[in-house]
Novice: 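Pasting in a structure now, in C-alpha cells, and then I'll have a few things to ask.
Each chain gets a letter, A, B and so on, in the order the sequences are listed, and its residues count up from 1.
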Number of protein chains: 2
Amino acid sequence: MAREVGVSRTLVSFAFRNAPGVSEETRHAILEAARRLGYRPNRIAADLARKRAATVGLYLLDLHNEVYADIFAGVREALEGSGVRVILSVGDVRRRGGAEPGDEVESLLEARVGVIIAATLTGPDASLREAAAAVPLVSVARRIEGVDSIYSDDAAGARAATGHLLDLGHTRIVHLTGPRWEGHTERQRAYREAMHDAGLPPRVVAAPEFTFEAAQAAAARILEGPDRPTAVFAHNDQMALGVREAAEALGLRVPEDLSVVGYDDSRIARLAGIRLTSVDLDAHALGSAAGAAALARLADPSGPAVDRCSAPRLVVRTSTAPPPQPRR
Amino acid sequence: MAREVGVSRTLVSFAFRNAPGVSEETRHAILEAARRLGYRPNRIAADLARKRAATVGLYLLDLHNEVYADIFAGVREALEGSGVRVILSVGDVRRRGGAEPGDEVESLLEARVGVIIAATLTGPDASLREAAAAVPLVSVARRIEGVDSIYSDDAAGARAATGHLLDLGHTRIVHLTGPRWEGHTERQRAYREAMHDAGLPPRVVAAPEFTFEAAQAAAARILEGPDRPTAVFAHNDQMALGVREAAEALGLRVPEDLSVVGYDDSRIARLAGIRLTSVDLDAHALGSAAGAAALARLADPSGPAVDRCSAPRLVVRTSTAPPPQPRR
DNA sequence: CTGAAAGCGCTAACAT
DNA sequence: ATGTTAGCGCTTTCAG
C-alpha cells in the first residue's frame, strides 16, 4: 500500500477518483508517490467494496464477423468518458453449432458486471431471461419482450432484399439461413411472405451455422442440385460471401448466372471485386444506442425497457442483376 | 448467501471448486441449493481473496482486422479447459493515430489480470517494459527482448514478398507501411534490403495508420503522382485492400496495371474477386502458442522468457503479375 | 469431513 | 481537510 506517504488510505482513494475533499497539494503528493512506487488502484477490490460494478459486459457472437467490430466500436463510443469500462466475452459460433451462449455469458455473470449487452444472443429466450434475472440485459439486434432491445427491422430489410430480386425478374430465389434460433426468424418470415405475395414458392435452406464456411458448403449443394436458383438471399454478408465462393468454384458468374444479396452491409461488402448488394443495418449506431441504454440501465435499474427499432436500408451493388436468359 | 443450506461458507466454496474434502452428498445438496437460490460464486471476490488472478488479459489492436480474431481463437483454444479465463481489451487504431496502447493495457492492469497477452502492441518498447514490470507480458507478433515473444519472421516474409515482385520483373515497387513504431520495422527493413540487393531504389510510403482507409488515401496519392509504381507491397492485408480500392477508383486493373501484395493472409485475401497474394503468418498458431506461454507464465512467473519465431509462407494468388509493358 | 477466524485491497459512513 | 472503523464475498489456515 502506498500509505507510506503519510496520509490515510481514504485520502489515496479520494485522490485517485479526484473526489472533492482533498487539497490540491495532498492529491499531487499522493499521485506522485503512487507513480514512484508503481502503485495502481485495484479495480477489482474497488468494485467489490462498492457493491456495484461500473462495468458493462459485452457479449459478441463472432469476432470473425466484422459487424461485431462495428457494434463494439459503437458501444465504446457511447461509453467514452463515462468511467464505465467494458469487458468482452466472445461466443464460439463453431462450437456445437454455436448455440447456447452458455459459458460466455456465464463468465460475465460471475465477473459481476453491472449490465450485459448481448449482441445477437443465440439460444432460446428462456436462457436469456434467466441471465436477465441476475443482471440487467440489453439485447442488440434481437428483440426480447420485456428486455431493453435495440434492433433493426429485419422484416423490412428482408422484404426489401427479396423485393429487389423479385423486381429484377427472379423467380427461383432461395433464402439461405442458419440454425433455427428464436429471434432469428424475422428475415426468413418476411422472405416467405414476399415470395408468397408474388405467387412464388419460397425455398429456405438452413446451413448448420451462420458462417462463411457453412454457407459455402450449403450453397455448393444448392447450386449443383436440380432446379438451380437464379438468386440467393443470404442471412448475412459472411454467408453471402460463402455463396459467391461456391458459385465461383462451379464456374458460375455473379451476377450474370447468379444474383447474391447479403445482410449487414459490412465493409467487406463494399470492396472492389465484391460489391455485394446488402441490407445495411448500421451496426455502429446499434452499438452506440446499446451503450447508451446500458448506461441508463446502470443508473436506473428499474426504468421501463427500451424498445428501439431502426429501419435498415437496402444498398444495391453489382452482385445482383436480372436472371440469365430472361423469358424469351 | 447460500449459507442457508445448513453448512458453512467454507463448504460452499469447496463444493464449487470441487476441491477434495466434501462428501459427494453434501456437494450435491449445496449445488442444488445454489441453483434454487440463483447463487453464483463471485469470481471478483474469489480472485481478490486468492491474491492471484486466474485470468489472462488479452490486448487486441483492432477488431476490424480479422487477424486478431484468429489470434483470439488460438488463445482461447490454448486456454480451453485450463480454468483460466480471458478478458479482452481492444485498442483503437483510429484514435490519435493509434499509437500508445495506453488506457487499454492500463485497464487490464487495474483488473489485476495474472498475465497480459499483447497482440501487436504498439508504442515504444519503454511503455511495454513498464507494463511488463507490473505483470508478466506475452508479446504476440512482436519480439521484445527479455519478454515472452511469439512471433513470425517478418524479415523472411517481407523478403519473400519483395522477391516475388522482383522475380516477376517489377522495378518500381513501393512499400506501403504505417506510422514508424518500434517492432514494426522488420518488414520495411527487409524490403529495403531486397531492393538494394536488386540494385533498385526502395520507396517507402508511410500512411498515418495501419488501416484500410489510411492506405486507400495514401495509395491514391501514390498512384496519381509521378513515377507510378507497378507494384505495391503493403504492410498488411487491410492496407493492401485499400490499395486495390484506390487503384480501382483510378481505373487501374489489378494485377494488369498494378500488382499488390498483402501480409497476414487473412481469409478475406482468399475470397473470389480478391485473391490477394499475401504472406501467411498463421495467426491462429501464434495465438495458441501465446496462450500456452501465458499459462506457463502463470504457473512459473520466473521461468526463462520464451522466444518463439515461426516461418511465414508466401501465398501467391492473382493480385500479382508481371509489370505492364514488359521491356520490349 | 466441517467450522471459526483472519484478511485480500478497497470504499463509505462517521468521526475529528 | 483528514483519519477511523466497518464491511464487500470470497479463500485459507488451523482447529474441532
Side-chain angles (χ1 to χ4, degrees), chain A residues 1-35 37-55 57 83-85 106-114 134-135 298, chain B residues 1-35 37-55 57 83-85 106-114 134-135 298:
Chain A
M1 291 172 237
R3 273 84 222 238
E4 331 307 24
V5 204
V7 301
S8 78
R9 16 195 316 170
T10 310
L11 268 305
V12 176
S13 172
F14 273 53
F16 265 96
R17 292 177 286 155
N18 45 64
V22 183
S23 68
E24 208 29 75
E25 198 178 0
T26 324
R27 155 171 302 130
H28 199 76
I30 291 175
L31 261 26
E32 170 57 28
R35 212 186 46 64
L37 271 50
Y39 168 82
R40 215 180 299 274
N42 183 337
R43 294 192 71 143
I44 294 288
D47 279 0
L48 180 61
R50 202 174 331 190
K51 314 170 60 168
R52 145 206 88 88
T55 304
V84 170
R85 73 164 180 284
E106 192 65 26
S107 89
L108 252 21
L109 254 21
E110 287 180 3
R112 290 296 189 277
V113 297
V135 60
L298 235 28
Chain B
M1 290 171 240
R3 273 84 221 234
E4 331 307 22
V5 205
V7 302
S8 77
R9 17 195 317 169
T10 311
L11 267 304
V12 177
S13 171
F14 273 55
F16 265 96
R17 290 176 287 153
N18 45 63
V22 183
S23 69
E24 209 28 75
E25 198 178 0
T26 322
R27 156 173 300 133
H28 199 77
I30 291 176
L31 261 27
E32 170 56 30
R35 211 184 47 63
L37 271 48
Y39 169 83
R40 214 179 301 272
N42 183 337
R43 294 193 72 145
I44 294 288
D47 278 1
L48 180 62
R50 201 175 331 190
K51 313 170 63 166
R52 146 205 88 86
T55 304
V84 170
R85 72 165 181 285
E106 192 65 25
S107 89
L108 253 22
L109 254 22
E110 288 181 1
R112 290 298 190 274
V113 297
V135 61
L298 235 28

Novice: Applying side chain to side chain contact (heavy atoms under 4.5 Å, CB included), can you list everything that pairs with R43(A), at least two apart in sequence or on another chain?
Specialist: R85(A), E110(B)

Novice: Suppose we screen for side chain to side chain contact (heavy atoms under 4.5 Å, CB included). Which residues come up paired with V135(A), at least two apart in sequence or across chains?
Specialist: L109(A), I116(A)

Novice: Roughly, in whole Å, what's the span from CD1 in I30(B) to P in dC1(C)?
Specialist: 13 Å

Novice: Provide a list of protein-nucleic acid N or O atom pairs under 3.5 angstrom, restricted to nucleotides 12-15 of chain C.
Specialist:
residue : atom : partner : partner atom : Å
dA12(C) : OP2  : R17(A)  : NH1          : 3.1
dA12(C) : N6   : T10(A)  : OG1          : 3.2

Novice: Whole-Å distance between dT11(C) P and R43(A) CZ?
Specialist: 10 Å

Novice: Run the side chain to side chain contact (heavy atoms under 4.5 Å, CB included) test against A45(A) and tell me which residues pass, sequence neighbours left out.
Specialist: N42(A), L48(B)

Novice: Going by ring pair (Phe, Tyr, Trp, His ring centres under 6.0 Å), name the residues that satisfy it together with F14(B), two or more places apart in sequence or in a different chain.
Specialist: none

Novice: Return the value, rounded to whole Å, for the distance between atom CZ of R40(B) and atom P of dG9(D).
Specialist: 15 Å

Novice: Can you tell me the distance, in whole Å, between the CG atom of L48(B) and the P atom of dG9(D)?
Specialist: 12 Å

Novice: If each of A45(A) and D47(B) is mapped to the nucleotide of DNA chain D with the nearest heavy atom, which maps nearer the 5' terminus, i.e. the 5' end?
Specialist: A45(A)

Novice: Would you kindly give the CG-to-C1' distance between N42(B) and dG9(C), to the nearest whole Å?
Specialist: 14 Å

Novice: With sequence neighbours excluded, what pairs up with A54(B) under the side chain to side chain contact (heavy atoms under 4.5 Å, CB included) test?
Specialist: R52(B)

Novice: Search all heavy atoms of L108(B) against all heavy atoms of G57(B) and return the closest pair with its distance.
Specialist: CG-CA, 3.9 Å

